[in-house]
Amino acid sequence: MDLRGMAARVEAGMQLALPVDYAGVSMAMTRALIERGAGDLDLFCVPTGGLQVDQLIGAGLVRSVETSAVSLGEAGGAPRFNQAVGEGRIVVRDATCPAIHAALMAAQKGNPFQPLRGLVGSDVLRFRPDWRMIDNPFAEDRDPIVLIPAARPDIAIFHAPMADRNGNVWIGRRRELAAMAYAAGQTLVTVERIIDENLLGSETSAAGTLPALYVTEIAVAPRGAWPYGLWGEYATDTAEILRYAKAARTAEGFATYMAQPAAGRAEEPAQ
Amino acid sequence: MDLRGMAARVEAGMQLALPVDYAGVSMAMTRALIERGAGDLDLFCVPTGGLQVDQLIGAGLVRSVETSAVSLGEAGGAPRFNQAVGEGRIVVRDATCPAIHAALMAAQKGNPFQPLRGLVGSDVLRFRPDWRMIDNPFAEDRDPIVLIPAARPDIAIFHAPMADRNGNVWIGRRRELAAMAYAAGQTLVTVERIIDENLLGSETSAAGTLPALYVTEIAVAPRGAWPYGLWGEYATDTAEILRYAKAARTAEGFATYMAQPAAGRAEEPAQ
Amino acid sequence: MTEVHPREILIATITRLLDGVRHVAVGASSPIPAAGAMLLRAMKKRAGAPPVRISILGSVEHNFFTNGSAELFDCAGQGRIDAFFLGGGQIDGQANINLVGVGDYPASTPRWPGSFGSAYLYFVVPRVILFREEHSPRVFVDKVDFISAPGTSAPGVHRTGGPVALLTGKALFSFDKTRPGFTLESLHPGHALEEVREATGFAFADPRDTGRTPAPDRETLALLRGQVMDELAETYPEFASQMRREVHA
Amino acid sequence: MTEVHPREILIATITRLLDGVRHVAVGASSPIPAAGAMLLRAMKKRAGAPPVRISILGSVEHNFFTNGSAELFDCAGQGRIDAFFLGGGQIDGQANINLVGVGDYPASTPRWPGSFGSAYLYFVVPRVILFREEHSPRVFVDKVDFISAPGTSAPGVHRTGGPVALLTGKALFSFDKTRPGFTLESLHPGHALEEVREATGFAFADPRDTGRTPAPDRETLALLRGQVMDELAETYPEFASQMRREVHA
């Protein structure tokens, strides 16, 4: 499968689950999604968003973002996100990290909701009419507790070091990637490489493997997280993220930046 | 730490979480617990019990068992368990496997409860007054759903292939062992061996590692799951389990069996 | 080579009942359901149809799960398991199953192991096949002594799954949840309606045109006795060698 | 070697505030809290006291978690994290914090990244230290524009954690949840009460005997400038080298 073919699975109006900076962002898919052009996307950040979210917003493809935060980390605020929020062009469903995880866990378990402590009295809760507060039925006295409804994203997209020829994907200890795949209808994965060894063939590699059962498509994309890093593979290219942060302060600067080829990433090979 | 020292942490009236046959039962701890003699134990089987549960019951140490099943697998019913149930000498809190997992997940998340589908109309639910049924607050019409309260066992006990010198334990894909440790107040682990490598030192081994943060004590017990098998290490000694099943049909036969040394297990070395 | 073995008819019947599933889960000690699933997989592969995935619980070889023993239930809750098998010490005419014991709970005598995952999986796996070789009045009762999992649920109860068929050593029944009740679909070769009625403690519908449970055709039988038995032997060596002895006797 | 660096006073103050914790979690871009935690760990080790565990989020080197990014929150919910640090674009006199933005939500301008885990961790981590170097009226406001997480909760709300102190570039405050409100504990060297009052947009209690925030003693300073800076450099190389330049200037 190639990136373009995978991007074709994304239809306008779909909800996409995307991982946090350090967990394996498929930056390789970002340009394929922009080229594909399916808009009105609802992004679900697990549990925060960064460069990929900012670029999809900058390209005008995003209708809403559910997230605990969007930022470029050391490079500061996410410029296209911040401007779109200020201009009211996107809806932000502000959450808190464990609420994002709770929503996925509910879907993983086939449950309609998952409880979560905290939140009571916050404006995060006040602006989430889709969340509910009940009294804990096990408590003797009043004990308000929030219920987070299940999130079932249409498509989860992430990048991982490797997959085997059976479609199993090695995610190591980044188990939020498994949580995304369990919850999502489809899961699209880019990887650095395909290996011949069966990842489920040994207990050692199986421990960090997302089984093919949960994986819809895989495409090879060397350095596919760039300019983000990938654990155990390569470090974040902070200079490039700073370059983006500076360029994307204006819509024009963003357009110019995106018109350049992705310098730090090898082109994906035909497969 | 030696087995006797670890067993000394178990006090009368405590709740112990114990894993399923194939996940790493610390059979080595069974005799240490019997020698220790702390009684009135509440056993919490994750999610079913076998030889270890039967032997602790046979030794008269058990007050109650919360479980989805107790059996010796191919060797048939668990004789000491079945007799104790028939004579009303132990309380059985019959559950269903995902309810056991839900109870641990609630504790893992610091939640008072976790919802679970199914169960409605079963006698499993009818005989569990500690569970609650509510109407799903997200549904428009009536939608009954069961809430399972959190289980926070005093001590989790299991056997694993290896631990490192920092106290990290390799559990592979047997993530129910992590769930037990997250939920429990203390976690006691026997292992085949201690390794010099830091299990958190590489992404590959870290993926299957329970961090020392959750581990209270570790003791070396070669072939510590025997006569059960241990994944990637040794197979189940079915003949021995059959021998037990036959012997333990009577209280006398059980006593005779338990008076014999554990033939298939090397004595644990001093550490 | 002998005639068709009675268990080969059971296996081929399971294969028919599973037709169309993408993912079937099988218990660790269920060689006949596993063989039925493997036969389906082999037939679909031969026909170039979409693949069939089989998860055998407790097997290392066929363990496609990596998230501990909770994953099977999560996977079912996600709607990713299309079919599963349940048995029972008692099964009644409303498809209620009892895996706990006989007599007044909690002092059941005999006490059986327990409900395992049935109280959940019966609700969320679309195609549950009840399978019990022993066909006797002590198994098929009018009313189970303990409902590990109910055959049907009241309107409004979330239920995406449930029983579709009951396969025994003597006959095949379908289950109609609206009635609710079992309908005799076919008698296995060598078994008569009167015998089945006497061996069944509950009433069932019995259409006039009840036929014989079909035996697998030659091609299917060859596949079953060859490739499928080889695959089965990896997980159930004793069952596979017993079958081979009896088939070649 | 220069006098004590202002940030060394902050680090040593954090070490004091953390005294007694078994496990402290630190954000990925929080070098001063991390240094304070590392200094505590080194001091406890030297004294032969029970070890202090430090989890640095997003760090590979100091990542003791193996269950994805949910594990920090699970761990806190289990009561296994004793201390954590929170900041805020705005912090008010009731210890409410705002990480979302200024002005009318949702069209906040500026919009900040978002609440991260604050709306949960503030409730369940027993010892939350509010840390913000910038001490100005735009940060310390009378009332935050958006409550990412409230400083206190009504009776009956499950809350095992919350703020114990506020440390800024100018002063140290304690927090009294019964009032609720901050109390000035000490002024850092070089800062006056009047200056702090002008830089703070909320009212705070101001006991007569407010003293100076103590500087670390010689031994502690040596440990901080040696071993702790070496450890810190592994995760925060730029911060550590900047600190070293300024300390040796």
Side-chain angles (χ1 to χ4, degrees), chain B residues 19-23 46-49 67-74 77-78 81-88 91-92 94-102 104-105 116-127 136 139 141-145 171-179 231-232, chain C residues 28-29 57-60 63-74 76-77 94 96-125 144-161 238:
Chain B
V20 63
D21 301 359
Y22 53 78
V46 184
T48 63
T67 190
S68 307
V70 179
S71 95
L72 300 182
E74 289 176 61
F81 167 77
N82 289 352
Q83 185 163 355
V85 170
E87 295 173 359
V91 171
V92 183
D94 267 287
T96 185
C97 304
I100 296 280
H101 295 304
L104 292 178
M105 182 58 80
L116 181 65
R117 287 299 192 185
L119 282 171
V120 179
S122 72
D123 285 340
V124 177
L125 176 61
R126 189 157 69 93
F127 287 100
N136 170 14
D141 298 317
R142 274 206 62 211
D143 176 18
I145 185 167
I171 59 169
R173 55 176 138 174
R174 302 268 44 113
R175 296 204 65 84
E176 60 268 58
L177 300 178
W231 72 92
Chain C
S29 46
L57 313 180
S59 148
V60 172
N63 178 2
F64 297 113
F65 294 137
T66 58
N67 197 23
S69 63
E71 187 173 357
L72 165 71
F73 307 102
D74 291 358
Q94 312 230 324
N96 299 312
I97 64 173
N98 174 7
L99 298 159
V100 161
V102 178
D104 271 352
Y105 184 84
S108 316
T109 318
R111 163 78 202 201
W112 299 318
S115 302
F116 291 97
S118 65
Y120 179 75
L121 294 174
Y122 213 23
F123 286 77
V124 299
V125 176
V144 295
D145 290 350
F146 183 97
I147 300 176
S148 285
T152 60
S153 297
V157 172
H158 179 88
R159 185 151 195 174
T160 54
E238 288 176 35

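Here is how names work: the chains are called A, B, and so on, in the same order as the sequence lines, proteins then strands, and each is numbered from 1.
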Which pairs would a plain distance check flag for residues 96-106 of chain C, meaning a side-chain donor or acceptor within less than 3.5 Å of a matching protein atom at least two apart in sequence or in another chain?
from, atom 1, to, atom 2, distance (Å)
C:N96, OD1, C:G151, N, 2.9
C:N96, ND2, C:D92, OD1, 3.3
C:N96, ND2, C:D92, OD2, 3.1
C:N98, OD1, C:V100, N, 2.8
C:N98, OD1, C:G101, N, 3.2
C:N98, ND2, C:Q90, OE1, 2.9
C:N98, ND2, C:G101, O, 2.9
C:Y105, OH, B:D94, OD2, 2.7

Check your understanding: Using non-hydrogen atoms only, which part of B:A95 is less than 4.5 Å away from chain C: side chain, backbone, both, or neither?
Key -> backbone
Point to revise | Atom group of C:S118 that falls short of 4.5 Å from chain B, counting heavy atoms | key: backbone
Revision key, fill the gap. Comparing B:P19, B:G121, B:G86 against chain C, the one with the most heavy-atom pairs below 4.5 Å turns out to be B:G121
Review point. Who are the salt bridge (Lys or Arg N to Asp or Glu O under 4.0 Å) partners of C:E71, not counting sequence neighbours?
Key: none
Check your understanding: Side chain, backbone, both or neither: which part of B:R142 has an atom under 4.5 Å from a heavy atom of chain C?
Key -> backbone
Review point. Which one of B:I100, B:T48, B:T67 satisfies the side-chain contact (heavy atoms from CB on, under 4.5 Å) criterion with B:V20?
Key: B:T48
Check your understanding: Is it true that atom CD of C:E238 has more than 12 heavy atoms of other residues, nucleotides or ligands lying nearer than 6.0 Å?
Key -> no
Review point. To the nearest 0.5 Å, what is the distance between OG1 (B:T96) and OH (C:Y120)?
Key: 10.0 Å
Exercise for review: Mind listing the closest non-hydrogen atom pair of B:A23 and B:W231 along with its distance?
Suggested key: O-CZ3, 2.8 Å
Check your understanding: What residue in B:E87, B:R126, B:E176 has the most heavy-atom pairs under 4.5 Å with chain C?
Key -> B:E176
Check your understanding: In terms of heavy-atom pairs under 4.5 Å with chain B, which of C:S69, C:G77, C:P150 leads?
Key -> C:S69
Review point. Rounded to the nearest 0.5 Å, what separation is found between the CZ atom of B:R175 and the CZ atom of C:F65?
Key: 15.5 Å
**Study point:** Contact origin within C:S115 toward chain B - heavy atom pairs under 4.5 Å
**Key:** both
Practice item. Using non-hydrogen atoms and a 4.5 Å limit, figure out which bit of B:L116 sits close to chain C: side chain, backbone, both or neither. Key: side chain
Check your understanding: Which answer fits C:Y122, side chain, backbone, both or neither, if we ask what part of it has an atom under 4.5 Å from a heavy atom of chain B?
Key -> neither
